[in-house]
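What you see is a predicted model, and the numbers here were worked out from it, not measured in a lab. Note: hydrogens, waters and symmetry copies are ignored here, and every other heavy atom, side chains too, is used. Chain naming here is simple, since letters A, B, ... match the order of the sequence lines and numbering starts at 1 in each.
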2 protein chains.
Amino acid sequence: MRDPLSHLPGYALRRAAHVIMVDLSTRLQAVDLKLSEASVLLLIDGRDDITSSEIGRILDIQRANMVPLLNRLDAQKLIQRRPLDRKSMAITLTEEGKKRLVRTKAITQAFETDLLARIPQEHRDHFVPALNALWMADSSTA
Amino acid sequence: MRDPLSHLPGYALRRAAHVIMVDLSTRLQAVDLKLSEASVLLLIDGRDDITSSEIGRILDIQRANMVPLLNRLDAQKLIQRRPLDRKSMAITLTEEGKKRLVRTKAITQAFETDLLARIPQEHRDHFVPALNALWMADSSTA
DNA sequence: TATTGTTATACTCTATAACTATA
DNA sequence: TATAGTTATAGAGTATAACAATA
């Protein structure tokens, strides 16, 4: 055995996540987006009233870190900010943002398909449920 | 649904890995070790001729980053370096390192047990095989 | 009082390039 | 020629604290 630690679930989870995220990051270079930026675009899609804070809460990105992230998307003219009241801003996709999202979706869908294809068929359907059990409805997040 | 992206395998993998690694890192504070340091101790265990470079290759840690990592373990008197020839050094556990490893193993075993317990029973046995299929024997690593 | 958006900053982890000495 | 150990540095990504303005 080349790696004596690979039987450990936590270790395997870490190694797999790293390899997979490097893969996706590389693919996303084709649309000039980082992982976090792509996830924001995917999340905004179909909504017209989501705020920066809400995006951060859903994706587990600190409010403070949302600022430069949205600024980068803004600089690429992919999003726009619209006042909801005098405190909150709705983040929406521009026309260019929608176009970029179409390309981003194609990349992420191919990525997810390839990812699942690498998992032996008998394990495949168990993958997402197992992962989501580890972090969703996590009481420590409340 | 609170998170519209949770059905995506890559996204779920990333979120799960993050939550799990924060958990383990917190537990390892009890033995004053970082994740990478603990994995090195676990890997050295039972060997007396492993080198820094070999550890790095197995754990996917750059040679350059092994230096400060081993220095920290050395500063805690957990490892010692023994010349194999005039170029290579064997990294071995000191007596204190062996004691620390015992405590570290107890922590990681409890962690792995708790991790698996959070996965619904019908998915549990599929978890590690699915993860390892994603990164082990990865041709891009060759 | 709690929340939003923001600025500034610090910290960890990881990646890269270069060098010397030895296999 | 390739590899081991090392130094120095740069870049992401993330976390924390604080603030003014508004809900």
For A/Asp125, does the CG atom have more than 12 heavy-atom neighbours from other residues, nucleotides or ligands under 6.0 Å away?
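Counting neighbours around CG of A/Asp125, 12 or fewer heavy atoms of other residues, nucleotides or ligands fall under 6.0 Å, so no.
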If you measure from the Lys or Arg side-chain nitrogens to the Asp or Glu carboxylate oxygens, is any gap between [X] and [Y] under 4.0 Å?
X: A/Asp114; Y: A/Arg118; value: no
X: A/Lys98; Y: A/Asp45; value: no
X: A/Arg82; Y: A/Asp49; value: no
X: B/Glu54; Y: B/Arg47; value: yes

query = To the side chain of A/Ser52, which of C/dT4, C/dG5, C/dT14 is closest?
reply =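 The nucleotide sitting nearest to the side chain is C/dG5.
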Has [X] got a side-chain N or O lying under 4.0 Å from the OP1 or OP2 atom of [N]?
X: B/His18; N: C/dC13; result: no
X: A/Arg63; N: D/dA18; result: no
X: A/Ser53; N: C/dG5; result: yes
X: B/Lys34; N: C/dT12; result: no
X: B/Gln62; N: C/dT14; result: no

I need the [atom1]-[atom2] distance between [X] and [N], as an integer number of Å.
X: A/Asn65; N: D/dG11; atom1: CG; atom2: P; value: 19 Å
X: A/Met21; N: D/dT14; atom1: CE; atom2: P; value: 11 Å
X: A/Leu28; N: D/dG13; atom1: CG; atom2: P; value: 11 Å
X: A/Asp74; N: C/dG5; atom1: CG; atom2: C1'; value: 14 Å
X: A/Met66; N: D/dT16; atom1: CE; atom2: C1'; value: 18 Å
X: A/Arg82; N: C/dT4; atom1: CZ; atom2: C1'; value: 16 Å
X: A/Arg15; N: C/dT14; atom1: CZ; atom2: P; value: 11 Å

| query | Any N or O donor-acceptor pair linking the side chain of A/Lys87 to the base of C/dT4 at under 3.5 Å? | reply |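 When only heavy-atom distances are counted, A/Lys87 does not reach the base of C/dT4 through any donor-acceptor pair under 3.5 Å.
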* To do: Between A/Arg72 and A/Arg86, name the one whose nearest nucleotide on DNA chain D is closer to the 5' end.
  =>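 Mapping each residue to its closest nucleotide by heavy atoms, the 5'-most match is A/Arg72.
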Using heavy-atom distances to pick each residue's nearest nucleotide on DNA chain D, tell me which of A/Asp85 and A/Ala64 is more 5'.
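Result of the comparison: A/Ala64.
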* Asked: At how many degrees, to 10°, do the end axes of the helix from C/dT1-D/dA23 to C/dA23-D/dT1 meet when each uses five pairs?
  ->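 Roughly 30°, once rounded to the nearest ten degrees.
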**Message:** On DNA chain C, compare the nucleotides closest to A/Thr51 and B/Ser88; which residue's is nearer the 5' end?
**Reply:**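 Its nearest nucleotide lies further toward 5', so the answer is A/Thr51.
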Report task. Determine the contact category for B/Met89: base if any of its heavy atoms lies under 4.0 Å from a base atom, sugar-phosphate if only primed atoms, P, OP1 or OP2 are that close, otherwise nothing. Result ->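 B/Met89: backbone/sugar contact only, no base atoms under 4.0 Å.
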Inset, instruction - Pick base, sugar-phosphate or nothing for A/Ser36, based on heavy-atom distances below 4.0 Å to the nucleic acid. - result: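 Counting heavy atoms under 4.0 Å across all strands, no contact is made by A/Ser36.
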With hydrophobic residues grouped by side-chain heavy-atom distances under 4.5 Å, do A/Leu73 and A/Val67 end up in a single group?
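A/Leu73 does not cluster with A/Val67.
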Fill in: Side chain to side chain, A/Leu115 and A/Phe127, heavy atoms closer than 4.5 Å
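Yes; the side chains approach each other to less than 4.5 Å.
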message = Taking the side chain as everything from C-beta on, heavy atoms only, tell me whether B/Leu116 gets closer than 4.5 Å to B/Glu112.
response =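 No, every pair of side-chain atoms sits at 4.5 Å or beyond.
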